[in-house]
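For reference, the structure discussed in these notes is given below.
Chain naming here is simple, since letters A, B, ... match the order of the sequence lines and numbering starts at 1 in each.
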Amino acid sequence: MDKLFELWQTTGIYQIELGQLIMILICLVMIYLAIRKGFEPLLLIPIGFGGILANMPVAGMAESGGLLYMFYEVGLLTTVFPLLIFMGVGAMTDFGPMLANPRTLLLGAAAQFGIFGTLLGALALTAWGIPGFEFTMKEAASIAIIGGADGPTSIYVTSQLAPHLLGPIAVAAYAYMALVPMLQPPIMRALTTEKERAITMTQLRVVSKTEKIIFPILLLLLVAMLLPSAAPLVGMLCFGNLMRECGVVERLADTARNALINIVTIALGLAVGSKLNSEAFLQLTTLGILVLGAVAFCAGTAAGVLMAKLMNLLSKQQINPLIGSAGVSAVPMAARVSNKLGLEANSQNFLLMHAMGPNVAGVIGSAVAAGILLNFVG
Amino acid sequence: MDKLFELWQTTGIYQIELGQLIMILICLVMIYLAIRKGFEPLLLIPIGFGGILANMPVAGMAESGGLLYMFYEVGLLTTVFPLLIFMGVGAMTDFGPMLANPRTLLLGAAAQFGIFGTLLGALALTAWGIPGFEFTMKEAASIAIIGGADGPTSIYVTSQLAPHLLGPIAVAAYAYMALVPMLQPPIMRALTTEKERAITMTQLRVVSKTEKIIFPILLLLLVAMLLPSAAPLVGMLCFGNLMRECGVVERLADTARNALINIVTIALGLAVGSKLNSEAFLQLTTLGILVLGAVAFCAGTAAGVLMAKLMNLLSKQQINPLIGSAGVSAVPMAARVSNKLGLEANSQNFLLMHAMGPNVAGVIGSAVAAGILLNFVG
Amino acid sequence: MDKLFELWQTTGIYQIELGQLIMILICLVMIYLAIRKGFEPLLLIPIGFGGILANMPVAGMAESGGLLYMFYEVGLLTTVFPLLIFMGVGAMTDFGPMLANPRTLLLGAAAQFGIFGTLLGALALTAWGIPGFEFTMKEAASIAIIGGADGPTSIYVTSQLAPHLLGPIAVAAYAYMALVPMLQPPIMRALTTEKERAITMTQLRVVSKTEKIIFPILLLLLVAMLLPSAAPLVGMLCFGNLMRECGVVERLADTARNALINIVTIALGLAVGSKLNSEAFLQLTTLGILVLGAVAFCAGTAAGVLMAKLMNLLSKQQINPLIGSAGVSAVPMAARVSNKLGLEANSQNFLLMHAMGPNVAGVIGSAVAAGILLNFVG
Amino acid sequence: MTSSEMLTEGVELMVLGMGSVFAFLIALVFVTNIMSSVLTRFFPEVLPAPKPAPKRAAASASIEPEVIAVIGAAIKQHRARRN
Amino acid sequence: MTSSEMLTEGVELMVLGMGSVFAFLIALVFVTNIMSSVLTRFFPEVLPAPKPAPKRAAASASIEPEVIAVIGAAIKQHRARRN
Amino acid sequence: MTSSEMLTEGVELMVLGMGSVFAFLIALVFVTNIMSSVLTRFFPEVLPAPKPAPKRAAASASIEPEVIAVIGAAIKQHRARRN
Ligand code: NA
Ligand code: NA
Ligand code: NA
């Protein structure tokens, strides 16, 4: 009978706390959205499942010695996982459309206003003492990077500046990336005229193999010279891309963008999930993070579109301002949104390839912004 | 000349001990059986080869700083490897046949009698002082889990309760899994009549995609609520299975059941091999372990068959008792044995899919039993 | 303004040192040669890129906590990476041609004169006080192993004997392997007559599957008995080869020679690159290493060819001395060189398969030589 | 632990263990049955209709095994060349 | 840090941050343009000519989709059997 | 270590090293030869007979290269579309 009572005491029903129950429900919603609505399933399913595992009482998978804890310690706090993901992203990315029209890099730059504007906003709200917004400089910077619309960059920065916020920030980053098709179009429509949206762009020139090979090296050297604190992220992106483009290490590139990135994604997702505990997540600040994240996405989108309009004022080679919003990255969703709205305005207006330029530029832009934040705040 | 003598002193011929020689011979036999007789080669070849490497004098591959030692420390003692294997198994397993006929879960429950009966037996033999059977509670529990007919579960439990017995227990677990086609049929025939063996079963209903997606989550939640100490094992199984069934992370599921599980299998096998040293293996207790392991398999098989017969007594929907033996797991070998004996009795009696139900139920059952043992004994 | 000045102080332009700049240029040349000239790109691209990353100021990727540093500490100093590479090489290697004509093992033995002759040379030059040649015994042994024409063996030995020389030695090893088509032919022509080069060899007998399965086990046992210090390297080679040949673990062999070796190659390359710092590389001794490495390759080539001629004197079954040079390993480049020169002398003289025998024998030979050096010097 | 204590412990563990395993798996049977009936009642899934167009299917069936064989042979041949 | 200091800091960071991002990416635009023009001027790459032999191409085009479909179906069928 | 000691050590190492390498590989030659002769004498392996049915083989040979080409083209086309 003692043993039976002992057994009862070790059941989850006996031991579970309300916070854990709520977190499990949140994770179930996350998994539902990932499966049924297609919300970034590659990350949100491991994160959500990791969250459930982390919130089971007794099992202790997110505590010292547990599997999720080990993934977190070995791969996340060390930044190994996000850097390997960036290498894989590099091995998947075709910088061709951007090289055919390098001016689109400026759109990727403008969209980073989402990051820095949000940083200012977070600090202002904290300064004014609004409830839910009580952030230190490091926390504010980690939250602001959500506006970079780039999951691994967010995780990389947060793991170094404010690891206790990793759960809510990573979830917000991927959730908003999934919401891009809903968040962006209203802003894009509000800031453009029907005529602007119908602008067709000339076909992109063919980019030679050599340009594609030299570009990642050039980018790395420029980062090394100007902004070395962004070098780990940008460096691994360039390494992956060089493997992809150089043509002589296809087997390495293939592994980097398949087996390796998949393994790391599983482990990274579980590690992030391990931080979805109620103490960190069920806070008023989480609401603040979600609000700021949404603001960041919208600000970045708006800045990208407005930059495109500014460029049209200054140059006679017109670009469709719809591709400006793709500068927030969220590859390739944001570019697809640009394409869709372009087709709505003019059924012959295929913007996809044109939007891929600012889209990949946004990846570089937010990695650069991450470097700047780590430099000043870290 | 000094150097030459020094060289001679570092040869294996000079340094090897009898125990090492015997262990190498045992490993060679293991490799032979794996290659020629198809005895679980995926595990027994790495284990056997690891055993040879571990027993070479001077090289020190199983000692601090050696490769096998590192695999053991980093992957096995931490339980990372068996848990990743379970994730891969989840990504391979189709719970469909079980969902079409959930009653077969009871067969998977009954077959765990192999575990608990053997535990009692081991304790009884120890209590009575039979030579070769001198086990502590933790050792007895690790040995009993061999009856779960599930390699990674055995390794997971043993690495936590009695790591010094890892070598013999892992070898016994995989060896008996390989011997299923020889061990089970006599018991199955002895416990069933010709008429029972000829019972045909109605075709399984089609299981919807949604059921398959929800099942792993449901199973995880039930484990979390009722038996959290089984949560790591069952949780990773469910995670792998959700990746498989949800349909939106196919690339992750594919990596989990191919590249990742293969890498882990190689390292796990070598790590287990590193524990095949003569001090641990060439003991009378190893014989005891082998005897108890065989008993455990047979008891589990018998319990599964008898449970099926009991269910036939209580319900009018008849099942063929031959599928009861598949409840020990040993996927898919045990199910094939059921199928083979069914065809012998009735050439139109295809039991394979029906036996897959208890077969995968047995995986869940032994993971649950492992959790119970860890809870009480650990 | 303060912040702006601070920013300027953290730029690479402000912080970079001349040594770093030179190292980056050297790495760029390495990458250029790898891409355009096909110089061992699988290793030299990761090494070169790792070298650039390691020499960027501020980023600190090769310092404690950096990604490259972690790869170096976790994978290279522990010898895990080179051993896993050896396993993959084993899973790729067909020992068939060597088994069909085991005498070719002697060519693989002779070519190791490149290692030991160079060791003597390095010690002699040090003893005579020639500038650029100031090596300790351990350093000399690490350098000499370049003559084994086997990258992972060089890295394995150097990481244990002289890790501070890892950068120049690994680069020299892979560079000379890439230069085999230029270094070997003059020596081969100088040491053979037109008539010798035209010798045709009888077609190799078919080697049975069983021979191929038993060979790696036999080799491992022989190493265990005679030269256990070579056992880790040879053991992992044999393990990979057994997985390849046994036919029952194809999925493991496939992962060992694809996903796993690719992942390890990327990480190993970056880890080696982390040691390409100016303090270790921009030394007169690096020139010494390059000179000795070239000597080692040439000596090995010559010894292989001369051994073949000696064997022709002693036996009536003539072999073409051109296949002797393949004994240095550098698989499969050296065998292709033999084939090319054979065809020049006689357009019907296909030596490729005959040269594969000494070629893979050379891999075994240099692993054995590595064991001997580790035994005496380590 | 004396030997009789050990035996008692073993019996206790067996009863509790088998009891827990059965309790858990019976609970799982119930929960699974409930899930399946809820799903089939409230969220019936439109099962893929059996492949229509028998003519085309028949044609493809007559082609496929051959093509599969050809592909298999091609791959085998390719591998053989590689080795 | 007082709240007004925090705000000042935030404004400063925004100006510096956006400034740096733009400075860096403008530099990248320049460098990329220079690279491209140097390459096209001094190392013109012979682009692959558009596929000739329209007849063969047409023929292959008419075969391929069918073959692809057959292969796809074969794989699907094979997978279905496996499950 | 004095320089002459170093030289002596080097010579010693070379002799011992090359000696060991040769000793080991000669032993390997012997052992391999013994294995092969034991195997061929006591466990002769039935080698796969040369492919019979020349007619069928010829037919398949005439099909395969074409099919391989088609598959290759299909894959290339598929990849091109993806990028
Ligand atoms: Na971005
Ligand atoms: Na089981
Ligand atoms: Na060699």
Problem - Atom group of C:A267 that falls short of 4.5 Å from chain A, counting heavy atoms - result: neither
Exercise for the section: Measure the CD1-NZ distance between C:I35 and A:K209 for me, rounded to the nearest 0.5 Å. Expected result: 10.5 Å
Practice task
Just give me the residue among C:T10, C:L53, C:I31, C:V58 that pairs up with chain A most often, heavy atom to heavy atom, under 4.5 Å.
Solution key: C:T10
Exercise for the section: Taking heavy atoms only and a threshold strictly under 4.5 Å, list by residue number the residues of residues 213-228 of chain A that touch chain C; give 'none' if the list is empty. Expected result: A:I213, A:I217, A:L220, A:L221, A:A224, A:M225, A:L226, A:P228
Problem - Within residues 71-80 of chain A, residues adjacent to chain C where the heavy-atom gap is under 4.5 Å - result: A:T78, A:V80
Problem - Contact origin within C:I16 toward chain A - heavy atom pairs under 4.5 Å - result: side chain
Considering only distance and modelled atom types, tabulate donor-acceptor pairs under 3.5 Å from the side chains of residues 44-51 of chain C, sequence neighbours left out.
none

Practice task
Measure the CZ-CG distance between A:F239 and C:L67 for me, rounded to the nearest 0.5 Å.
Solution key: 10.0 Å
Handout entry: Contact origin within C:L270 toward chain A - heavy atom pairs under 4.5 Å
Key = side chain
Fill in the blank from the handout: Note: C:M61 and A:P232 closest approach over all heavy atoms is SD-CA, 3.6 Å
Exercise for the section: With a 4.5 Å cut-off on heavy-atom pairs, point out which of C:I263, C:N55, C:T265, C:I52 contacts chain A the most. Expected result: C:I263
Practice task
Against chain C, label A:L242 side chain, backbone, both or neither, depending on which of its atoms sit under 4.5 Å from a heavy atom there.
Solution key: side chain
Handout entry: chain A-proximal positions within residues 245-262 of chain C [heavy-atom distance under 4.5 Å]
Key = C:R257, C:N258, C:A259, C:I261, C:N262
Practice task
Measure the spacing between CD of C:Q9 and CG of A:N375 and express it to the nearest 0.5 Å.
Solution key: 11.0 Å
